[in-house]
Amino acid sequence: MDILAALNPAQREAAEAINGPVLILAGPGSGKTRVITHRIAYLVKVCGISPHRIMAVTFTNKAAREMEERLKKLISGSVKELTMGTFHAICARILRQDGRVVGVEPRFVIYDRADQLSLVKRAIKETGFDPKQYIPSAVLSVISNSKSQVITPEAFIQRGSGNFDEVTGRTYEKYQQLLNQSNALDFDDLLMKVVQLFDSQPEVLDKYQERYIHLLVDEFQDTNLVQYRLVKQLAGKYRNVCVVGDPDQSIYSWRSADLRNIMNFEKDYPEARVVLLEQNYRSTKAILETASNIISANQERKPTQLWTENKQGELINIVSASTQQEEAQYVVNEVERLLRQGEVRLADCAVMYRTNAQSRALEEAFIRYGTPYKLVAGTRFYERREVKDVIAYLRLIHNQQDSVSLLRIINIPQRSIGERTLSQLASWANSLGISHYRALQLAVNPEDDKQPPFNPRTIRVLSGFYEIMEELIIRSRELGLVELFNLVVKKTGYREYIMNTTDGEERWENVLELRTVARQYSDLEPVEGLSVFLEGVTLVSDVDTYDESVGAVTLITLHQAKGLEFPVVFIVGLEEGILPHIRSFDDPAQMEEERRLCYVGVTRAKKRVYLIYALRRNLMGSSTANSPSRFLKDIPSHLIAGADLWRGEESQLRGSISCWESDTPAITIDLPELKAGDRVIHSQFGRGVVVSCHPVNDDSEVVVAFPGMGVKKLLLSFARLEKVG
DNA sequence: CGAAAGGCTCTTTTT
DNA sequence: GAGCCTTTCG
C-alpha cells in the first residue's frame, strides 16, 4: 500500500522530502497534520527508520495524543517509541535524564505561573524592593522574556540600563537563586536549561543528535528563540529537520514567540526545501474569502494564494446585539434554531472569544436555556485553591526543598503558624543557608550548635506540621498514589477544612476530581508515580483535557481554538477594545497579531460563521460602549448575509449592514433631551451641532453635524452624546 | 493568630 | 467583579 497515495502533490512532496531541512508553509485547513503523520509513517514504514529515532514536537499534549492515534492507524506497529510531545514535556524528560551535569536534580518540581509569581514577589522583597512599586507580574514577564532568549541574570544585568532594568536584573538573579534552592524549574527553565546543557556538554548533545535523526516541529510560527536554538542544536548533525507553520497564524508573540524563526530557518538552512500548502479542505469559499480579506490588511506579511474546491456555502452572518447578554442569547437561540433544523449537532458548534472573562455571559445564557456546553479552560482546574493545596502537599512530599509549596500549606488547614513565625523561619533558614524544610527539621529536633529562634509554643505548632510531613514522606515510599493521596487528606484534615469554606462542597468535589486524575498513575511504582503525576499536572493545558466527542457546544478562547475546526463558529465580542484588544491599540505589530487572531477564529469554521458584537458591554463592573471591530470593515459586503440588527426577545431583523459606517453605536445611561441647535460631544466624533431629533419607536433618531467629520445619523440610546453649553 | 469587613487595583491571550 | 491587601477586633 502506498502510504502517500492519499496526499495531494504538495502534501506528498512535503511528506517525501525526508533528507535535509524542510519548511512547510501550511495555510489553515491545508492538511498539515495529515502531512506530518504521513511523513512519520513514511519514515517508519517505507524508509525503515526506527520510531525511536524520531522526535515530533507539537504545540499541545492533545495534539501529540491525536497524532499518536492517527499514526497507530497508519502504522500497525509500536508508536510508543516515538518521542512526541510539547517542547516543555520533552525538555522535562531530558532534564530528569541528564540534567544533573547542569545542576538540575532529577526530583525537581515545575513551577507554574502562580508559583512563579509568588516566588518573584519573594525575590523582590528579599532584594530589598517594594512589590507594590515593582509589580511582580511585570517583572516576571521581563524575566520570562529574557529566559526565552537565553539571557542569564548576569547577561541581563550587564546589558541593562535604567532603574527598572536594575531592579529586574537583581530580582531575576535572586529569583533564580530561589528556584535553585527550591530544586524547582519554571516553564522557561525547562527549555533554557536544556539549551545550556547542550551548549556546555558536547557529549550529551551528541547522544541526542545521534538518537534523533529526524525532527519535526509543528506550529513553528509560535516558537520562541530558545526553542529555535534547541531545534538547531538537535538538528546540528543530520539536519533532517522539518518545520511546519503559518505566519498568518502566529498569535503567541506575547509569549516571546518570534516570527523571525521562520525567516531565519531559510538562512540557517539555505538548502531547505520550501513547500507551500495552499489548498484548503476545511472551509467554504465564502469563509475562506472572508478570512483572506481580513488577513490581507496586514502590512507585515507575504501574500498567499489560498484556494478551495469546496462550494461557495453560506454567507457570513454579522450580528449586532445591544449587550453581552443579548449577544449570548442570540448565540444560544441560533444554536437551538440550527439544531431544530437538524442541520447540526451541538458538538458542531463553537463559540470563540478574545478573553476568558467573556465566557461568563455565554455560560449564563447556555445554563438558562439548558443548552449543553463545555467550557475549555474557564474552570482552570489546576489553578483552583483546593487543587493547588493538595498538589502542594504532594510536591513537598516529593521534594522537601520546594519552598513555594511549603509556604503555601504550612498553615493550611490553620495551625496557628503565622506570618511572624514564617519570616523568622525564613531568615533563620537563609542565615544557615538551608532550605525552609531543613530549618523546620532543626527547629523541631535542634542540633547543639544551631539554636532555633522560636519560643516553645511556636516549636510545638511547627512540630505538629513537621510530624505530619515526615509520616507522609515515609509512607510515600511504599504507597500507591491514590493511597498516598487519601493519607494526605486524612492526616491534614483537609476535607473538614475545605468543607468549612464557602462553596465547600464544590471544592471538595474538585479534590475528589484530582484524585480521579491521580488514579491514572496508581499502577506506577510509588515514587515514580508521584513524580510523573506531578509533572503531568503542571504541564497539562486546558485544551489537553478538551473532549470533542462530548455532545455540547464548545466555549473557547481564540488562542485555544488554534488547530481545531468546527462546522459552525460564532465569534463574539467583535468590538474595538475587545477584538482588537485595547492593549494593542498603540502598537501596530500587536494590532496585526489581533488581526491574525481574528483570522485564526474565522478559519476554524467549515460551514457557517457568525461574527457578533455588542454595542454595550460590562467591563470591570462598569458599562462601556464600543464600536464594532475594524476587522468587520474588511469583509466585502457580497460575503455578508445582511447584518442582523438584533434586539432582545423580538429577535427583529433590521437588515442593514451600514450601522457601523454611519453610526458609532453607543449608549448613555442618562439620555439627554435634545433639539436642533444643541451642542453635543460624541466620544468618537467630538463636538457637533444637532440638526434634527425625532422619535423612532421607543428611541430618538438624532442627526448631528460634526465639523470635519460629517453629518451623522445616530440613535439616541446608542450614541454616547453629551450635551454641552 | 485568625476571622471578618472594607478598600484597593487591575483586568489578554498560556506551555 | 474578583482577588488581594489592610485594618480591626476578639
Side-chain angles (χ1 to χ4, degrees), chain A residues 57-64 85-92 110-114 116-118 121 131-132 135-138 140-141 144 147-148 185-192 219 222-224 226-227 250-257 352-361 376-378 380 382-385 411-422 457-458 461 497 500-502 535-544 556-562 573 577-585 587 590-591 593-594 596-598 600-601 617-624:
Chain A
V57 186
T58 57
F59 195 69
T60 61
N61 298 295
K62 179 170 181 277
T86 62
F87 275 110
H88 292 88
I90 290 172
C91 286
I110 302 167
Y111 280 175
D112 66 14
R113 185 174 156 85
Q116 290 177 53
L117 273 176
S118 99
K121 199 168 163 189
K132 268 184 228 142
I135 320 273
S137 61
L140 177 59
S141 90
S144 172
K147 288 188 182 183
S148 302
L185 301 179
D186 65 16
F187 285 136
D188 305 307
D189 282 340
L190 291 174
L191 310 172
M192 187 175 74
E219 305 287 6
D222 283 321
T223 53
N224 62 28
V226 203
Q227 292 165 340
S250 157
I251 52 175
Y252 281 93
S253 73
W254 51 275
R255 219 170 73 185
S256 308
M352 302 177 185
Y353 37 83
R354 177 66 235 266
T355 68
N356 282 303
Q358 290 170 257
S359 68
R360 167 153 306 169
V376 181
R380 296 299 175 94
Y382 291 103
E383 286 168 31
R384 298 184 143 260
R385 190 178 87 191
N411 198 35
I412 285 182
Q414 283 80 26
R415 304 189 173 90
S416 296
I417 301 172
E419 206 181 314
R420 228 180 100 75
T421 306
L422 286 183
R457 195 199 77 90
T458 308
V461 293
Y497 160 74
N500 268 327
T501 61
T502 40
E535 182 167 309
V537 297
T538 28
L539 293 183
V540 283
S541 70
D542 296 302
V543 271
D544 292 340
I556 191 169
T557 65
L558 286 161
H559 282 90
Q560 293 168 333
K562 189 177 73 164
I578 307 283
L579 182 63
H581 195 270
I582 191 162
R583 302 268 283 236
S584 66
F585 281 7
D587 180 350
Q590 278 193 51
M591 183 56 82
E593 183 150 317
E594 296 291 306
R596 292 193 293 267
L597 202 47
C598 186
V600 166
R617 179 177 297 277
N618 288 327
L619 267 174
M620 295 180 255
S622 57
S623 176
T624 51

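All chains are named by letter (A, B, ...) in the order of the sequence lines, taking the proteins before the strands, and each is independently numbered beginning at 1.
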* **CA sep, side-chain torsions, deciding dist, call: A/Phe87, A/Thr223, side chain to side chain contact (heavy atoms under 4.5 Å, CB included)** => CA-CA 9 Å; A/Phe87 275 110; A/Thr223 53; 3.8 Å; yes
Nucleotide N/O to protein N/O under 3.5 Å, stretch nucleotides 2-7 of chain B:
from  : atom 1 : to       : atom 2 : distance (Å)
B/dG2 : OP1    : A/Ser416 : N      : 2.8
B/dG2 : OP2    : A/Asn411 : ND2    : 3.2

* **Close side-chain approach of A/Gln116 to A/Phe187, heavy-atom, < 4.5 Å** => yes
* Give the ring-plane orientation class for A/Tyr252 versus A/His559, where under 30° counts as parallel, over 60° as perpendicular and anything between as tilted. => perpendicular
Distance in Å, [X] [atom1] paired with [Y] [atom2], rounded so as to fall on 0.5 Å steps:
X: A/Thr624; Y: A/Ile582; atom1: OG1; atom2: CD1; result: 8.5 Å
X: A/Phe585; Y: A/Glu594; atom1: CZ; atom2: CD; result: 8.5 Å
X: A/Thr355; Y: A/Arg360; atom1: OG1; atom2: CZ; result: 11.5 Å

Taking only the side-chain heavy atoms of [X] (C-beta and beyond), determine which of [options] contains the nearest atom.
X: A/Arg360; options: C/dG1, B/dC1, B/dT15; answer: C/dG1
X: A/Thr355; options: B/dT14, B/dC1, B/dT13; answer: B/dT13
X: A/Lys132; options: C/dA2, C/dC5, B/dT13; answer: C/dC5

* Indicate whether A/Trp254 forms a stack on B/dT13; treat it as stacked only if centroid distance is below 5.5 angstrom and interplanar angle below 30 degrees. => yes
* When the nearest nucleotide of DNA chain B is assigned to A/Thr538 and to A/Thr421 on a heavy-atom basis, which residue is associated with the more 5' position? -> A/Thr421
* Pull out every stem in DNA chain B, meaning runs of 3 or more consecutive Watson-Crick or G-U wobble pairs with both distances under 3.5 Å. => B:1-10 with C:1-10
* **Residue pair A/Glu593 / A/Ser253, side-chain donor-acceptor N/O under 3.5 Å** => yes
